[in-house]
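Down below is the structure, laid out as structure tokens.
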Amino acid sequence: MQLRPPRGTHDLYGDDALRHRHVVETARRVVGCYGYGEMATPIFEFTGVFARSLGETSDVVSKEMYTFTDRGGEEVTLRPENTASVMRAILTGGLLQSVPLRFFYAGPMFRYERPQKGRLRQFHQIGVELVGAAEPFGDVEVIACGQQILEELGIAPLVRLDINSLGNPLSRARYRDQLTAYLARYRAELSEDSQRRLERNPLRILDSKDEGDRRIVQDAPHLAGAYDDESRYFFAAVQDGLARLGIAFTVNPSLVRGLDYYTHTAFEFTTDALGAQGAVIAGGRYDGLMEQLGGPATPGVGWAAGIERMALLLAETPAAPAPVALVPIGEAAEAEALVLAAELRRAHVPCDLAFKGKTGQRMKRADRIGARFAVVFGEDELQAGTVQLKDLQTGDQRVVARADLRQSLE
RNA sequence: GCGGGCGUAGCUCAGUCGGUUAGAGCGCCAGAUUGUGGCUCUGGAGGCCGUGGGUUCAAAUCCCAUCGCUCGCCCCA
């Protein structure tokens, strides 16, 4: 095999494409009920958009971005996630005049990573952003929306919801200091990875998988202990809202965010059905982001979800709509079939017409493509202005006036 | 970036101790069936055995390298 797509990318067709589309269409339908309008941003941006929003030290920025200089000498980057782009677009378009804003997106993202199950270099995400809403009900709305999508996809039973709060920026900073001071005492005992994390992202050590790290973390100061009144109130209100909606969740104190701009609520819908890549939907509140991009202080909350990961969880491939197969016999009928197919298609009846083949072959094809009906007609039927309508499931066949064909197909 | 597993037909796989022309099932194409699918039967197409080198009289099989895929770590959707 010589011609391959680049590592970590996939061609999407057949069942994969049907599953992919089903996820996106289900999400699109659900978010519409919450008032989210669709936004499509460019798949590349000036590198600064991501570097500023994600933080220079994050793994995504430091080693996972597809960055290049274009022919005009601009530094651009294929988007590794879409939140930063949406915020940029909101600033670009002057949309903050009319907050709150609700946006939904779907499309490809790019990260230079070592691929594994549920992890690709080009992958696809859907996501929502609620911008300009500082209230805990915003967090609740966004989580409820994600929950509903999982339910309508039928994968909610495979997924659990964990939530946590990082507190407001003041609380978060205070906790970071406390934790760093505590962990610094055990620096030598920490795993190699965590020693590195201690410098760059100490909160991440809380959910380390290393045994030794876990023992040390057990006695670390708790995030909740650093909350001030506002942080405490906010988190309680989010939990209260979720409880009112009957959305089950677990408070997971070790759930933290790798990206710098998150405050208050962090949440994750995870599954253990996908190996090491458990996160299906992940999100949180990012009140600091807009400022980091150079805009006015603006609260926001949202999430992103991996389309491939959700598609993998679907119990079965959704069926494509069953077409009607036209089976003309003879040249005159073939010519007429062309016209009949056009009529049906204009009436939005999916319709298959093979370019060649004997009757038996055409019937075989009708069967193979999953047609519900075959419409068979030759000289006799042309003369009579009728067609033979055959139900391919039951095998029943009856004569139908051509003028009545469309109704008979229902 | 680090570690493990695996590369034989479109797909799933078999291939003994290294031994003749590399096999099966499914799928595909055609015929049996000139106006009717599914079932059955018959035939056919389809292989750089991932690639390169080595050992050997002889390599799909053993050795080395390389590429690819895959699973895990890191990180994350």
Side-chain angles (χ1 to χ4, degrees), chain A residues 1-10 14 23 54 57-65 79-83 106-127 146 159 191-194 196-197 200-201 204-205 207-210 256-259 268-271 274-283 302-313 325-330 333 354 357-382 387-397:
Chain A
M1 189 89 57
Q2 287 188 341
L3 287 175
R4 305 171 173 282
R7 167 172 248 197
T9 68
H10 282 304
V23 169
L54 300 176
T57 61
S58 71
D59 272 34
V60 169
V61 170
S62 60
K63 58 183 197 189
E64 293 178 359
M65 294 202 310
R79 62 188 189 190
E81 54 97 43
N82 207 200
T83 301
M109 310 293 160
F110 306 84
R111 289 180 202 173
Y112 188 85
E113 295 187 278
R114 188 83 180 262
Q116 61 191 75
K117 188 182 175 90
R119 194 175 77 184
L120 301 164
R121 288 185 174 179
Q122 175 176 340
F123 58 105
H124 297 80
Q125 288 187 330
I126 55 172
V159 173
S191 68
E192 206 175 307
D193 284 328
S194 286
R196 190 169 46 83
R197 283 188 280 231
R200 292 174 31 170
N201 197 351
R204 268 282 162 199
I205 299 174
D207 65 351
S208 171
K209 287 170 189 165
D210 181 85
V256 292
R257 287 271 82 106
L259 307 182
E268 260 178 28
F269 290 91
T270 60
T271 180
L274 289 180
Q277 269 60 240
V280 176
I281 299 180
W303 51 252
I307 296 176
E308 284 86 354
R309 291 183 185 180
M310 294 200 273
L312 283 170
L313 293 177
L326 299 190
V327 182
I329 302 165
K358 297 185 294 192
T359 308
Q361 291 169 319
R362 289 175 186 270
M363 288 301 291
K364 209 169 272 188
R365 174 182 169 82
D367 195 54
R368 196 173 55 234
I369 64 175
R372 174 75 206 286
F373 295 103
V375 175
V376 185
F377 55 102
E379 285 298 336
D380 297 348
E381 287 79 11
L382 280 182
V387 296
Q388 302 283 342
L389 180 61
K390 181 164 189 173
D391 184 322
L392 291 172
Q393 281 167 23
T394 64
D396 297 339
Q397 182 167 316

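Values below: every heavy atom of this structure, side chains too, minus hydrogens, waters and symmetry copies. Keep in mind that what you see is a predicted model, and the values were worked out from it rather than measured. Chain letters run A, B, ... following the sequence lines, proteins first and then strands; every chain starts at 1.
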*Measure from CG on A/D391 to C1' on B/rG37 and round the result to the nearest Å.*
12 Å
Atom pairs, protein N/O to nucleotides 28-30 of chain B N/O, distance under 3.5 Å:
{"from": "B/rA30", "atom 1": "OP1", "to": "A/Q361", "atom 2": "NE2", "distance (Å)": "2.8"}

_A/Q116 vs B/rG72: side-chain N/O to OP1/OP2 distance below 4.0 Å_ = yes
*asked:* I want to check one thing: is the phosphate of B/rC75, taken as OP1 and OP2, less than 4.0 Å away from some side-chain N or O of A/R114?
replied: no
*For B/rG50 and B/rA14, measure between their P atoms and round to the nearest Å.*
14 Å
*asked:* Quick check for you: to the nearest 0.5 Å, what is the distance between A/F110 atom CZ and A/R121 atom CZ?
replied: 13.0 Å
*Have a look at A/G395 and say if it touches a base, only the backbone sugar-phosphate, or nothing, with a 4.0 Å heavy-atom cut-off.*
base
*asked:* With the threshold set at under 4.0 Å for non-hydrogen atoms, list the residues of residues 302-313 of chain A touching RNA chain B in residue-number order.
replied: A/A304, A/G306, A/R309
*Considering only B/rA77, B/rU36, B/rC69, which nucleotide approaches the side chain of A/R7 most closely?*
B/rC69
*Using a 4.5 Å cut-off on heavy atoms from C-beta on, say whether the side chain of A/Q397 contacts that of A/D391.*
no
*Give the stems involving RNA chain B, where a stem is 3 or more consecutive Watson-Crick or G-U wobble pairs (i with j, i+1 with j-1, and so on) under 3.5 Å.*
B:1-7 with B:67-73, B:10-13 with B:23-26, B:28-32 with B:40-44, B:50-54 with B:62-66
*Tell whether A/Q397 reaches the base of B/rU36 with its side chain through a donor-acceptor pair below 3.5 angstrom.*
yes
